[in-house]
Amino acid sequence: MQEIVSIYIGKAGILLGEAVWELYCMEHGILINGNMPSYESETDFKFTNFFQQVRPAKFVPRALFFDLEPTYTNKLRNGKHRFLFNSEQFLTGDDDAANNFITDRYNSGSEIIDSMIETVRNFTNNCENVEGFIIYHSAGGGTGYCLTALLMERLRNDYPKKMFTEFSIYPTPIISPITTEPFNAVLSTLTSSEYSDCCFIVDNEAMYQMCCSNLLMKNPNYTNLNRLIAQTVSSATISLRLESALNSNLKELQKNLVPLPRLNFPYATYAPVVPGDKIYDITVEQLTKSCFSKENQMVKCNPEYGKYLGCCLQFRGNVEPTEINLAIKAMREENSFELVDWCPSAFKVGVNLRKPSFLPNSDLAELERTACVLSNNTNIGDYLTRLNQKYNILESKNDFVCWFKMQNIEFAEYKEAYDFLNQLISDYEEVDLDIYQVD
Ligand SMILES: Nc1nc2c(ncn2[C@@H]2O[C@H](COP(=O)(O)OP(=O)(O)OP(=O)(O)O)[C@@H](O)[C@H]2O)c(=O)[nH]1
Ligand SMILES: [Mg+2]
């Protein structure tokens with residue numbers, strides 16, 4: 001058994017975690033108290049890499065929740081999933097970093113970090129052979145950025161052979177008015193490059209627009225966003241939780257998506273995103289096409305540009321392999337996607353025949369088949385350039401810079417992260433132009 005431990009940090013991480021585990025439980029026939037009524041008839045027990053079996057038909061998520069303050073962990077512990085988790089899976093301080101990286105790092109974060117490491121250690125001691133960690137957090141939040149950075153630095157050191165995957169939620173002023181978030185997001189990108197094998201960017205702006213345009217919501221809230229992200233995360237991880245010929249573990253996922261270690265920022269596209277009240281049937285060809293359309297991307301990047309360094313198309317539900325072959329052939333004939341020349345095997349396809357599950361009162365139409373593309377495409381450079389521009393606008397506003405400059409060391413760190421971001425953008429550009437040099 002190769003266990004995968006999920007870690008949720010800060011408010012966004014924890015609230016997303018709640019939506020993700022609600023969906024995982026439904027998918028594996030586990031009730032909100034951890035009991036599995038269909039235990040006797042279950043045939044595929046691979047999911048126990050995500051759920052610890054504590055009694056024959058009772059399961060506990062392999063998940064940990066960390067925050068500097070207790071509001072959101074308390075919400076989860078006292079909410080409808082209170083019997084799903086144990087108290088050892090939560091650790092909080094009693095502070096809030098108010099989106100301030102420096103306060104976090106040097107005060108509350110450094111106080112709690114040793115206890116976090118001990119919590120992870122105790123948890124992994126109950127596992128046979130942990131394959132790796134999946135870490136969920138916001139890149140813009142003080143805790144989401146800083147505590148994650150501290151934790152990853154320490155875990156990388158303590159678990160050098162394990163895989164580290166992230167789902168990192170990037171900020172947008174449309175839903176969060178906190179002006180310093182692009183600073184934290186730039187820093188977070190550097191941390192992900194240093195410590196993560198594979199960091200999926202989740203852009204809140206793209207998620208918000210998907211809720212408005214595809215799901216016809218007027219004012220989507222975080223619950224709506226999280227439920228949509230959870231659906232995508234579930235498709236991205238289904239091959240890890242059930243027997244699968246494609247991406248059956250974190251190592252293979254990373255190998256398929258990150259052929260060059262520095263360029264480790266893939267994103268996901270999920271389809272179809274259509275409202276729950278719609279009666280909808282979709283052909284495999286339409287489904288495949290929607291998986292490569294801008295409207296369904298978790299990060300807005302122009303799909304007409306860019307080359308794939310890696311691309312995994314994962315179908316779920318009632319899908320025939322012959323239909324898939326025809327759909328891919330049609331796409332190839334349209335010449336609508338381009339792979340980097342040096343990696344012609346970068347396009348992979350997987351199918352999981354189980355019908356996809358949907359959360360109760362799902363915003364999404366409950367369909368017989370869905371698909372998800374995980375891709376590392378040079379067009380992520382568009383998004384990183386926009387992040388860079390946000391950083392520049394912020395930097396040009398003197399108020400913040402004065403404040404940061406007073407803290408010499410920290411400003412140097414911001415500068416290093418900013419330079420790194422520019423390098424990353426130009427690396428992706430060079431791959432696109434086929435002039436990238438591997439060092
Ligand atoms: N998708 C999603 N984004 C969220 C959610 N909550 C907050 N965010 C985003 O996360 C960023 C703020 O980070 P939080 O996670 O709220 O804060 P934190 O990590 O707890 O850090 P502190 O500032 O120290 O409290 C902003 O960009 C928010 O838009 C959520 O439930 N879902
Ligand atoms: Mg917080």
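Order of appearance sets the numbers: ligands from 1, and atoms from 1 within every ligand. Residue numbers start at 1 and run along the sequence shown.
Neither the backbone nor the side chain of Thr172 comes within contact range of ligand 1; no heavy atom lies under 4.0 Å. For Asn204, every heavy-atom contact with ligand 1 shorter than 4.0 Å involves the side chain, none the backbone. Here Glu181 has side-chain heavy atoms under 4.0 Å from ligand 1, and that is the only part of it that gets that close. Looking at Pro171 against ligand 1, both its backbone and its side chain come within 4.0 Å, counting heavy atoms.
Interface of Gly141 with ligand 1, defined as ligand atoms under 4.0 Å from a residue heavy atom, comprises 12 (C), 13 (O), 17 (O), 19 (O), 21 (O). Close approach to Ile229 involves these atoms of ligand 1, each under 4.0 Å from a residue heavy atom: 1 (N). Using a 4.0 Å cut-off to heavy atoms of Gly144, the atoms of ligand 1 that qualify are 18 (P), 19 (O), 21 (O). For ligand 1, the atoms sitting less than 4.0 Å from at least one non-hydrogen atom of Leu15 are 31 (O), numbered in the order shown with element in parentheses. The Gly10 neighbourhood of ligand 1 comprises atoms 19 (O), 20 (O), with distances under 4.0 Å to a heavy atom of that residue.
The cationic group of Arg241 lies under 6.0 Å from the six-membered ring centre of Tyr24 and within 45° of the ring axis, placing it in a cation-pi geometry.
The residue among Thr143, Asn226, Ile14, Thr148 with a heavy atom at the shortest distance from atom 21 (O) of ligand 1 is Thr143. Looking at Tyr222, Tyr145, Tyr72, it is Tyr222 that brings a heavy atom closest to atom 7 (C) of ligand 1.
Relative orientation of the Phe47 and His28 rings is parallel, given thresholds of 30° and 60° on the angle between their planes. Between Phe167 and Tyr136, the angle of the ring planes stays under 30°, which puts this pair in the parallel group of the 30/60° scheme. The aromatic rings of Tyr418 and Tyr391 lie parallel to each other, their planes meeting at an angle below 30°, with 60° marking the opposite boundary.
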Side chain to side chain contact (heavy atoms under 4.5 Å, CB included) evaluation trace for Asp67 with Tyr8: CA-CA 8 Å; Asp67 203 346; Tyr8 302 86; over 6 Å; no
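Considering Asn221, Ile175, Asp203 in turn, Ile175 is the only one that fulfils the side chain to side chain contact (heavy atoms under 4.5 Å, CB included) rule with Tyr208.
Between Ala12 and ligand 1, at least one pair of N/O atoms sits closer than 3.5 Å. For ligand 1, none of its N or O atoms has an N or O atom of Ile169 under 3.5 Å away.
In Asn219, the CG atom is not crowded: 12 or fewer heavy atoms of neighbouring residues, nucleotides or ligands sit closer than 6.0 Å.
The two atoms that bring Thr232 and Tyr270 nearest to each other are OG1-CB, 3.6 Å, heavy atoms only. Across all their heavy atoms, Lys307 and Asp432 have their closest contact at NZ-O, 2.7 Å.
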